[in-house]
Amino acid sequence: MSYIEQSYQKAFTTLQKKFTKRGMEVYYCATKEDAKNQVLSLIPEGASVTWGGSESMVEAGVRDAVCSGNYTVIDRKSASNPAEARELYGRIVCADYFLTSTNAFTKDGELVNIDGASNRVACIAHGPANVIVLASMDKMCTSVDDAVKRVRTLAAPPNALRVGADTPCAQTGICGDCVSPDCICCQILVTRFSRVPGRIKVVFCAEKLGF
Ligand code: SF4
């Protein structure tokens, strides 16, 4: 086992206590494959499942597994017009399971997410009965401030490219602290406590996922 993996395992012992104290369930997986299986094991067959934009869920193969599994899949991208999108969003907020990654998390057990359209942060905060968060361990930060800096420096620029946003970071690779129409940093959500015990389940993965 590499020194990084050993370090992650030790860190998880602390993270487990911090997140549990904040009402969240946590799991630790060494590989993407284990993480995928862990996520799937948390979702009962027949459940309605939806997601926010998450490169981590795609890379781990969760998205494909859910789409080909025995679930009621609600895909917001399947809407063909604004009215349909609105109707779908109504179903999304009432879904059994919402799958997402987190842009960053702190060593004290807080999730930090920054969003443009903000459907993702909205569903993390409230709505779906369960939220499963897939987080690679390299997203650990020392504080909320550090997490926001990480997202604006390392996550948002490639994300802006991924979604085709016309933002300064997409053009230069560096955050320009924009308020442009395509800004993907409209809302910052710090999840510091889940009042519904276990509603948020965080699956940590030692292998790098997403941005
Ligand atoms: S340039 Fe705008 S969209 Fe890009 S990281 Fe900065 S605030 Fe976010």
Side-chain angles (χ1 to χ4, degrees), residues 8 11 15 19 22 24 32 35 50-60 62-63 75-79 81-82 85-86 88-89 92-93 98-128 131-194 200 202-211:
Y8 284 164
L15 292 172
F19 275 87
R22 293 176 184 276
M24 295 180 252
K32 294 178 194 179
T50 187
W51 51 78
S54 167
E55 203 54 25
S56 298
M57 285 286 182
V58 173
E59 281 179 20
V62 175
R63 181 85 63 84
D75 181 0
R76 73 195 164 99
K77 292 279 171 65
S78 66
N81 57 55
R86 189 157 174 73
L88 265 183
Y89 190 66
I92 285 169
V93 295
F98 183 77
L99 310 181
T100 182
S101 49
T102 188
N103 292 129
F105 63 89
T106 72
K107 65 180 176 53
D108 292 319
E110 297 138 312
L111 301 173
V112 177
N113 282 284
I114 298 184
D115 208 348
S118 304
N119 59 300
R120 192 170 61 90
V121 293
C123 287
I124 293 171
H126 186 69
V131 176
I132 303 180
V133 178
L134 180 55
S136 60
M137 289 292 287
D138 65 316
K139 291 180 179 167
M140 181 166 59
C141 297
T142 54
S143 65
V144 170
D145 281 352
D146 185 33
V148 172
K149 280 182 199 148
R150 181 203 180 273
V151 179
R152 302 277 288 275
T153 307
L154 297 174
N159 232 343
L161 286 171
R162 180 178 71 85
V163 300
D166 182 14
T167 57
C169 60
Q171 286 162 20
T172 66
I174 294 172
C175 174
D177 195 25
C178 77
V179 283
S180 55
D182 274 3
C183 182
I184 63 165
C185 301
C186 303
Q187 309 279 342
I188 299 177
L189 175 70
V190 178
T191 304
R192 56 177 299 280
F193 183 65
S194 176
I200 298 176
V202 186
V203 177
F204 293 104
C205 179
E207 218 173 322
K208 182 171 171 46
L209 289 165
F211 310 129

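Whatever order the structure lists them in is the order used to number ligands and atoms, beginning at 1. Computed from a predicted model, the values in this text were never measured in an experiment.
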Distance-only donor-acceptor hits, side chain of residues 176-194, under 3.5 Å, sequence neighbours excluded:
from   : atom 1 : to     : atom 2 : distance (Å)
Asp177 : OD1    : Arg152 : NH2    : 2.6
Asp182 : OD2    : Asp166 : N      : 2.7
Ser194 : OG     : Val196 : O      : 2.7

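Here the straight-line distance linking atom OG1 of Thr102 with atom CD1 of Ile124 works out to 6.0 Å at 0.5 Å rounding.
Between Glu59 and Cys205 the shortest side-chain heavy-atom distance does not fall below 4.5 Å. Considering only heavy atoms from C-beta on, Trp51 stays 4.5 Å or farther from Val62 through its side chain.
The set of protein atoms (N, O or S) found at less than 2.8 Å from atom 2 (Fe) of ligand 1 reads Cys178 SG, by chain and number.
Annotation: ring-ring contact (aromatic ring centres under 6.0 Å, His included) contacts involving residues 172-192, sequence neighbours excluded, are absent.
A search for salt bridge (charged side-chain N to carboxylate O under 4.0 Å, His left out) contacts involving Lys208 returns Asp138, not counting sequence neighbours.
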